[in-house]
Amino acid sequence: MKILVSADMEGATGVTWPDDVLPGHRQWERCRTLFTGDVNAAVAGFFAGGADEVLVNEAHWTMRNLLLEQLDARAELLTGRHKALSMVEGVQHGDVDGVAFVGYHAAAGAEGVLAHTYLANSVTGVWVDGARASEGLLNALVCAEFGVPVVLVTGDDRACQDAKGYAPTARTAAVKDYVSRYAAVCRAPAVTAAAIEAAAREAVALAVRHEPVVTAHEVAVEFDAEHLAGAATVVPGVERAGERRVAYTAPDMYEGIRCFKAVTTIVSAAVEEAYG
């Protein structure tokens with residue numbers, strides 16, 4: 001049995017503000033150890049529950065944040081950019097039985113510690129088929145197309161609540177409780193490690209492949225400035241849907257997430273400091 005861990009950082013133990021997750025900052029260096037600790041707890045739980053392989057896909061920012069030298073030696077690490085399926089790269093090869101979202105967070109426009117969807121400030125909301133979409137939902141839809149269930153989600157309490165909408169049977173482990181975008185009641189690393197490990201051990205039983213669920217999707221993205229919507233329309237198929245909103249139709253979520261990644265890449269280069 002093989003488990004894919006998609007590891008993001010905003011939902012890691014102790015993380016509450018941008019410097020904790022932005023490469024190069026002193027707090028980022030400190031929080032890398034906490035982040036790796038959460039991943040190690042999940043890896044330990046999966047092996048204890050009967051997994052044979054665990055592949056960790058580094059999924060935050062530069063995708064070079066986890067500390068390989070501190071990683072559980074039984075796991076392998078997929079690190080760096082760029083990847084066809086970004087945060088869930090590896091799910092498409094037919095050998096993954098379950099996916100874990102470790103260190104995840106709530107959606108742009110929703111309550112949650114450092115809540116966002118891909119771009120922290122420029123993207124103010126994403127909707128798939130009319131439902132507000134977190135990175136968890138987007139990635140879960142991709143995984144479903146390859147017949148792979150989401151079996152574990154860790155992050156703040158709002159991320160765990162969000163998971164009930166896209167992976168209702170998944171085990172969850174909340175490492176902190178939301179107070180505001182930049183504040184949380186945090187639990188000690190020893191406490192969160194025990195909770196993550198226990199949830200991962202139980203989650204192994206849920207790692208059962210299913211029939212692929214492939215369907216078309218309507219995706220809408222809203223930005224914090226009008227010109228960003230204009231910039232996004234250079235991506236083929238992406239059309240204006242309002243002053244600060246664009247939309248597109250994807251034949252499946254494989255194409256949907258790749259188009260979304262193209263949109264966010266264009267928009268990240270079109271913020272006022274770089275574009276004007």
Side-chain angles (χ1 to χ4, degrees), residues 1-8 11-13 35 37-59 71-72 74-78 85-107 128 131 133-176 191-215 252-254 257:
M1 177 182 294
K2 182 175 181 178
I3 304 294
L4 174 67
V5 175
S6 173
D8 203 1
T13 294
F35 180 32
D38 283 4
V39 170
N40 279 341
V43 171
F46 285 130
F47 278 112
D52 302 304
E53 295 180 70
V54 177
L55 173 64
V56 179
N57 178 31
E58 162 78 64
L71 187 68
D72 189 312
R74 294 171 293 180
E76 292 186 314
L77 177 63
L78 171 56
L85 289 181
S86 191
M87 298 181 76
V88 288
E89 177 66 23
V91 76
Q92 69 268 46
H93 301 309
D95 60 348
V96 172
D97 300 290
V99 175
F101 295 163
V102 173
Y104 269 49
H105 49 80
V128 176
S134 62
E135 291 168 14
L137 173 58
L138 293 172
N139 292 329
L141 290 171
V142 175
C143 294
E145 291 191 348
F146 295 97
V148 181
V150 177
V151 300
L152 172 70
V153 179
T154 80
D156 72 353
D157 59 327
R158 298 303 200 268
C160 292
Q161 290 173 14
D162 178 56
K164 297 304 179 185
Y166 62 79
T169 64
R171 298 295 181 262
T172 59
V175 303
K176 54 199 172 192
V191 174
T192 61
I196 293 170
E197 182 173 350
R201 189 184 306 115
E202 292 182 2
V204 174
L206 304 174
V208 179
R209 294 178 61 84
H210 54 71
E211 285 296 314
V213 180
V214 181
T215 186
D252 52 54
M253 205 57 203
Y254 176 84
I257 198 68

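Only this structure's heavy atoms are used, side chains among them; waters, hydrogens and symmetry mates stay out.
- Using modelled atom types, one finds no donor on one side chain facing an acceptor on the other under 3.5 Å when comparing Asp162 with Tyr104.
- Nearest heavy atom pair, residue Ala75 against residue Val56, reads CB-CG2, 4.2 Å.
- Leu206 and Pro149 get closest at one heavy-atom pair: O-CG, 3.6 Å.
- The two residues Gly90 and Leu4 make their nearest non-hydrogen contact at C-CD2, 4.3 Å.
- Within the 4.5 Å cutoff, the side chain of Val99 has no heavy atoms near those of the Ile3 side chain.
- Across every non-hydrogen atom of Val91 and Cys143, the tightest pair is CG2-SG, 4.0 Å.
- Rounding to the nearest 0.5 Å places CZ of Arg209 at 8.0 Å from CG of Asp95.
- Closest approach of Val39 and Ala7 over heavy atoms only: CG2-CB, 3.8 Å.
- For the atom pair CG of Asn40 and CZ of Arg74, the computed distance is 9.0 Å after rounding to the nearest 0.5 Å.
- With values rounded to the nearest 0.5 angstrom, Asn57 atom CG is found 9.5 Å from Leu85 atom CG.
- Expressed to the nearest 0.5 Å, how far OG of Ser86 lies from CD of Glu135 amounts to 8.5 Å.
- Using a 4.5 Å heavy-atom cutoff, the side chains of Thr192 and Lys176 are not in contact.
- No donor-acceptor distance shorter than 3.5 angstrom exists from the side chain of Glu202 to the backbone of Ala200, with no hydrogens or angles considered.
- Salt bridge status for Arg158 with Asp156: absent, with no side-chain N to carboxylate O gap under 4.0 Å.
- Test Ile257, Asp252, Thr215 against Glu145 for side-chain contact (heavy atoms from CB on, under 4.5 Å) and you get one pass: Asp252.
- Between atom CZ of residue Phe146 and atom NE2 of residue His210 there is a gap of 12.0 Å, rounded to the nearest 0.5 Å.
- Here Cys160 contributes atom SG and Leu152 contributes atom CG; the two are 8.5 Å apart, rounded to the nearest 0.5 Å.
- Residues Val5 and Phe46 meet the side-chain proximity criterion, which asks for heavy atoms closer than 4.5 Å.
- What you find for Val153 and Ala159 is that their closest heavy atoms are CG1-O, 4.3 Å.
- Every residue meeting the side chain to side chain contact (heavy atoms under 4.5 Å, CB included) condition with Ala59, not counting sequence neighbours, appears here in chain and number order: Ser6, Met87.
- Using a 30° and 60° split on the angle between ring planes, Tyr166 and Phe101 fall in the tilted class, from 30° to 60°.
- A donor-acceptor contact shorter than 3.5 Å links the side chain of Asp97 to the backbone of Lys2.
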